[in-house]
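Here is the naming used below: chain letters follow the sequence lines, and residue numbers restart at 1 for every chain. Every value quoted in this text rests on a predicted model; they were computed, and no experiment measured them.
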Amino acid sequence: MPAVHIHNTLTGELAELKPIAGAAGPATFYTCGPTVYDDAHIGNFRSFLNADILRRTIELTGTPVRHVMNITDVGHMTDDTNADGAGEDKMAVAGRRLLEAKKSGKIHADVAIDANDPMAIADFYANRFLEDARLLGLKVAIEAQGDPSLMPRPTKWIKQMLDMIKQLIDRGHAYVASDGAVYFNVKSFADYGKLSGNTLENLREGEGGRISAQHQAAKKNPGDFMLWKPDRHHVLKWDSPYGAGYPGWHLECSAMAAGLLGAEIDIHSGGEDNIFPHHECEIAQSRCAHNKPSFARVWFHTRHLIVEGEKMSKSKGNFFTARDLFAKGVTPAALRLEITRTHYRTNANFTMQGLADCQRMIDRWSRTADVLQVKIAAASGTPNSKSNPPLVASQSITAPENNASGISTNTNANHNAPTGPLEIALPRFTQALCEDLNMARAIAALNEAVAVEDNSACAHRELAALHKMNSVLGVLERNTQVANSGDADFEAKVNALIEVRAAARRNKDFAASDRARDELLSLGVQIKDGATGTTWTRTVRV
RNA sequence: GGCCGAGUACCCAAGUGGCCUAAGGGAACGGAUUGCAAAUCCGUGAUUCGUGGGUUCAAAUCCCACCUCGGCCUCCA
């Protein structure tokens with residue numbers, strides 16, 4: 001198996017992944033997750049899904065991964081540095097927005113949620129995030145159903161954060177300032193700025209007017225960042241030796257990563273905007289609190305997604321959440337592929353055309369899987385459970401050596417020699433991903449293999465190879481529209497029209513059959529006449 | 001203003017000194033199929049890599065300048 005190499009933001013070089021725990025793993029991986037004061041948008045999901053692709057790639061090479069992703073439920077202030085209450089808690093803002101959404105009908109008014117309760121708001125959006133994430137195949141979100149500790153919430157980790165603050169004060173890296181807040185002293189950590197390339201001098205120049213003079217004056221250095229903010233008026237507050245208040249927002253990741261994965265971890269990921277200040281500050285806190293030579297060995301950052309060539313923004317009307325797109329008929333598979341197929345270190349351009357391109361690719365892979373399934377069933381003499389007639393003649397199957405479960409009982413001498421195109425493509429696919437997650441080349445390897453006619457006798461081995469590739473791509477199992485299910489009336493109407501059309505065609509009344517087809521189209525339904533009858537999907541409209 | 005990344009066909013996108021007269025997918029066009037479509041299958045497609053210079057036997061790939069886009073510079077995936 002080739003080793004996974006990825007670009008390490010910390011060094012600017014390609015790093016071979018060697019788990020701290022040894023070759024057998026597990027590799028420890030922490031991903032900065034969402035702050036749940038609103039629905040996650042597709043840009044958020046690009047960074048989460050790229051982390052997922054990396055995690056699945058490592059697993060493809062045979063190394064298990066322990067992946068943790070936080071869900072931030074502490075509101076934090078819209079302006080964290082302002083003490084006089086001019087900044088507002090993000091959860092409070094979210095509560096107001098939620099009330100407005102209910103009034104305008106965007107969210108069902110009967111959604112039982114108290115907009116004045118920050119934890120209820122956080123739970124509401126956390127659940128919506130988890131729904132979207134599972135639909136998109138974010139593995140950690142699927143695993144967290146069985147083990148919630150894999151997606152920790154900072155409000156449950158306040159004690160550990162306070163322990164860390166104490167440790168930092170004791171070691172001389174943090175101090176209580178005249179304004180009552182606890183700050184980290186950046187001058188006490190020589191490597192501060194190493195991750196982002198920011199020097200303390202540059203930072204001083206770049207103050208940008210966002211830091212109030214009052215608090216700047218209380219700090220020892222302009223770059224010092226907050227660890228604890230005493231604030232009796234904050235929506236969420238906890239008791240502490242520094243007064244009731246709330247933790248600095250960098251602290252949660254340091255505390256949870258250490259608590260769940262260890263003081264040193266293999267990989268830490270996030271969006272490119274996390275590099276500074278968030279990850280820079282995490283490194284400073286973690287290394288100083290734990291007195292370790294490194295925090296994360298490899299830092300993995302995904303560049304931002306742009307939409308139709310422009311920065312995504314609500315005012316431009318190119319701002320999409322995953323659920324917006326699902327409601328329009330986009331399959332989770334197509335969305336997943338569209339936002340992960342471009343290399344993670346370039347700005348990906350999300351387009352509706354691209355989404356359609358991805359859907360076509362996935363449909364073709366899916367058909368290949370179906371054909372292989374049918375061949376396997378035919379070879380083993382098992383009747384196809386789906387009652388579909390075989391789509392492809394199975395005369396190429398020469399040896400009844402396989403069973404339907406795909407487990408080989410073959411004892412042929414050339415058992416290990418790849419024979420079919422997918423099996424031959426698998427090492428190229430794996431190699432491409434191991435070279436800094438080259439998705440485009442991996443996908444090309446799969447596409448080329450799918451285009452080759454498979455004359456090999458080993459359908460089950462071909463299918464196994466396809467499933468291996470899909471274990472990273474994660475698309476075959478989620479290639480269905482979310483929007484379709486649950487509307488029985490609509491489905492009945494569609495099926496009735498399809499039957500009307502079929503009857504008209506049998507009578508050679510083509511004018512009537514075309515009318516039925518047009519009517520379906522106006523309902524947003526696209527039909528496909530297949531060998532086994534007519535199927536339909538919702539057309540994707542934007 | 002400082003620092004950093006990127007510009008490859010109609011669109012998405014790989015390739016980072018010779019195997020590139022540039023991968024893969026989509027669109028478009030032509031053919032097969034279809035009552036006609038859709039879907040599917042087959043075929044066609046950049047002498048050229050933002051612009052202008054330079055280095056080299058050799059450049060999309062290295063260097064310089066310029067243009068455009070994106071990111072960070074204490075909210076942000």
Side-chain angles (χ1 to χ4, degrees), chain A residues 9 12 31-35 40-51 76-81 87 90 186 196-199 201-211 215-216 222-226 248-250 269-278 280-281 301-306 308-312 337-339 341-343 345-361 363-364 367 391 432 438-448 450-451 504-505 508-511 513-514 517-518 520-521 526-531 534-537 539:
Chain A
T9 309
T31 294
C32 281
T35 302
H41 56 69
I42 55 175
N44 301 128
F45 273 113
R46 166 141 129 119
S47 110
F48 305 147
L49 289 177
N50 272 138
H76 298 302
M77 306 301 270
T78 52
D79 179 359
D80 262 350
T81 57
K90 284 180 181 170
V186 292
S196 59
N198 282 324
T199 63
E201 286 66 35
N202 282 346
L203 294 178
R204 201 164 327 183
E205 287 162 14
E207 281 168 26
R210 288 194 197 165
I211 301 164
H215 290 282
Q216 212 51 318
D224 289 356
F225 56 91
M226 196 183 77
W249 77 287
H250 309 303
S269 82
E272 60 175 322
D273 56 321
N274 279 155
I275 296 171
F276 191 88
H278 187 49
E280 194 75 78
C281 296
H301 292 105
T302 293
R303 285 202 175 279
H304 281 181
L305 185 72
I306 59 174
E308 306 285 355
E310 286 191 286
K311 194 171 161 179
M312 181 163 59
L337 190 63
E338 168 67 359
I339 60 183
R341 67 174 168 150
T342 302
H343 192 260
R345 279 190 292 114
T346 61
N347 290 114
N349 188 11
F350 174 91
T351 62
M352 293 318 289
Q353 169 79 71
L355 219 39
D357 295 357
C358 287
Q359 188 60 62
R360 283 198 174 237
M361 275 194 268
D363 284 344
R364 186 180 306 137
R367 247 175 280 126
L391 299 172
N438 194 330
M439 280 288 274
R441 241 171 58 206
I443 291 167
L446 173 52
N447 278 329
E448 281 167 18
V450 162
R505 291 183 74 207
K508 304 249 186 277
D509 182 356
F510 297 122
S513 85
D514 288 352
R517 186 169 65 200
D518 288 345
L520 283 162
L521 217 50
Q526 178 67 59
I527 53 169
K528 291 181 194 175
D529 291 333
T534 299
T535 58
W536 62 278
T537 50
T539 49

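Within the 4.0 angstrom heavy-atom criterion, base atoms lie near A:Gly43. A:Leu305 comes within 4.0 angstrom of a base, heavy atoms only. Using a 4.0 Å heavy-atom distance criterion, A:His278 is classed as making no nucleic acid contact. Within the 4.0 angstrom heavy-atom criterion, only backbone atoms of the sugar-phosphate kind lie near A:Thr342; the bases stay farther away. Within the 4.0 angstrom heavy-atom criterion, no nucleotide atom of any strand lies near A:Asn50.
Proximity of A:Arg345 to the phosphate of B:rC4: no side-chain N or O atom is located under 4.0 Å from OP1 or OP2. Taking only side-chain nitrogens and oxygens, A:Arg360 comes nearer than 4.0 Å to OP1 or OP2 of B:rA39. In terms of phosphate contacts, A:Asn447 brings no side-chain nitrogen or oxygen within less than 4.0 Å of OP1 or OP2 of B:rG24. In this structure, A:Thr346 does not reach the B:rA6 phosphate: none of its side-chain N or O atoms is under 4.0 Å from OP1 or OP2. For the pair A:Arg364 and B:rG26, the criterion of a side-chain N or O lying under 4.0 Å from OP1 or OP2 is met.
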I'd like a table of atom pairs between the protein and nucleotides 15-17 of chain B - only N or O on both sides, under 3.5 Å - with the distance next to each one.
residue : atom : partner  : partner atom : Å
B:rG15  : OP1  : A:Asn438 : ND2          : 3.0

Just the table, please: protein N/O against nucleotides 68-72 of chain B N/O, every pair under 3.5 Å.
residue : atom : partner  : partner atom : Å
B:rG70  : O2'  : A:Asn347 : OD1          : 3.3
B:rG70  : O2'  : A:Asn347 : ND2          : 3.1
B:rG71  : OP1  : A:Lys311 : NZ           : 3.0
B:rG71  : O2'  : A:Glu272 : OE1          : 3.0

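Atom CE of A:Met352 is separated from atom P of B:rC10 by 23 Å (rounded to the nearest Å). The separation between A:Gln526 atom CD and B:rA39 atom P is 7 Å, rounded to whole Å. Across the protein-nucleic acid pair, A:Asp509 atom CG and B:rG35 atom C1' stand 12 Å apart, rounded to whole Å. For A:Ile443 and B:rC12, the CD1 to C1' distance is 11 Å, given to the nearest whole Å. A straight line from CD of A:Glu280 to C1' of B:rC4 spans 14 Å, rounded to a whole angstrom. Across the protein-nucleic acid pair, A:Asp363 atom CG and B:rC41 atom P stand 10 Å apart, rounded to whole Å. Remark: C1' of B:rG25 and CE of A:Met439 are 13 Å apart, rounded to the nearest angstrom. Taking atom CG of A:Leu446 as the reference point, atom P of B:rA14 lies 17 Å away to the nearest angstrom.
Across the P atoms, B:rC67 and B:rG52 are found 15 Å apart, a figure rounded to whole Å. Atom C1' of B:rC20 sits at a distance of 8 Å from the matching atom of B:rG15, rounded to the whole Å. The same atom, C1', is picked in B:rC4 and in B:rC42; the two are 47 Å apart, to the nearest Å. With both ends at atom C1', the span from B:rC36 to B:rC69 equals 46 Å, rounded to whole Å. Look at the P atom in both B:rC11 and B:rA28: the space between them is 15 Å, to the nearest Å. Atom name P, nucleotides B:rG43 and B:rA27: the rounded distance is 15 Å, in whole Å.
Here OG1 of A:Thr31 is found 10.5 Å from CG of A:Asn274. Values are rounded to the nearest 0.5 Å. In this structure, the separation between CG on A:Leu305 and NZ on A:Lys311 is 13.0 Å, given to the nearest 0.5 Å. Note that OG1 of A:Thr537 and CD of A:Gln526 are 6.5 Å apart. Values are rounded to the nearest 0.5 Å. The line from CZ of A:Arg341 to CD of A:Glu338 is 4.5 Å long, rounded to the nearest 0.5 Å. The distance from atom SG of A:Cys32 to atom CG of A:Asn44, rounded to the nearest 0.5 Å, is 12.5 Å.
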message: Please determine whether salt bridge (charged side-chain N to carboxylate O under 4.0 Å, His left out) holds for the pair A:Arg517 and A:Asp514, giving the CA-CA distance in whole Å, both sets of side-chain angles, and the decisive distance to 0.1 Å.
response: CA-CA 5 Å; A:Arg517 186 169 65 200; A:Asp514 288 352; 3.5 Å; yes
query: Please walk me through it: do A:Val450 and A:Arg367 pass side-chain contact (heavy atoms from CB on, under 4.5 Å)?
result: CA-CA 10 Å; A:Val450 162; A:Arg367 247 175 280 126; over 6 Å; no
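Base pairing analysis places B:rC3 opposite B:rG71; the two distances defining the Watson-Crick or G-U wobble pair are each below 3.5 Å. Pair check for B:rA9 finds none; no Watson-Crick or G-U wobble contact set falls under 3.5 Å. Nucleotide B:rA65 forms a pair with B:rU51, judged by Watson-Crick or G-U wobble geometry with both contacts under 3.5 Å. B:rG45 is unpaired under the criterion used here, namely a Watson-Crick or G-U wobble arrangement in which both key atom distances are under 3.5 Å. Pair assignment for B:rC20 gives none, since no Watson-Crick or G-U wobble pairing has each distance under 3.5 Å.
The minimum heavy-atom distance linking A:His41 with A:Met312 is given by the pair ND1-CE, 3.2 Å. Here the closest non-hydrogen pair linking A:Asn447 and A:Arg364 is OD1-NH1, 4.2 Å.
Nearest to the side-chain atoms of A:Phe510 among the listed nucleotides B:rA37, B:rG35, B:rG26 stands B:rG35. Side-chain atoms of A:Asp514 lie closest to B:rC36 of the nucleotides B:rC36, B:rA23, B:rU74. In this structure, of B:rG26, B:rG35, B:rA37, it is B:rG35 that holds the atom nearest to the side chain of A:Arg505. With B:rA38, B:rG35, B:rC12 as the candidates, the nucleotide lying closest to the side chain of A:Thr351 is B:rC12.
With hydrogens and angles ignored, no donor-acceptor pair closer than 3.5 Å exists between the side chain of A:Arg46 and the base of B:rA77. Donor-acceptor pairing under 3.5 Å, judged by distance alone, is absent between the side chain of A:Asn349 and the base of B:rA13. The base of B:rG25 sits within donor-acceptor range of the side chain of A:Asp357, with an N or O pair under 3.5 Å.
Using a cut-off of 4.0 Å between Lys/Arg side-chain N and Asp/Glu carboxylate O, A:Asp273 and A:Arg303 are scored as not salt-bridged.
Taking the six-membered ring for Trp and thresholds of 30 and 60 degrees, A:Phe225 and A:His250 have ring planes more than 60 degrees apart, a perpendicular arrangement.
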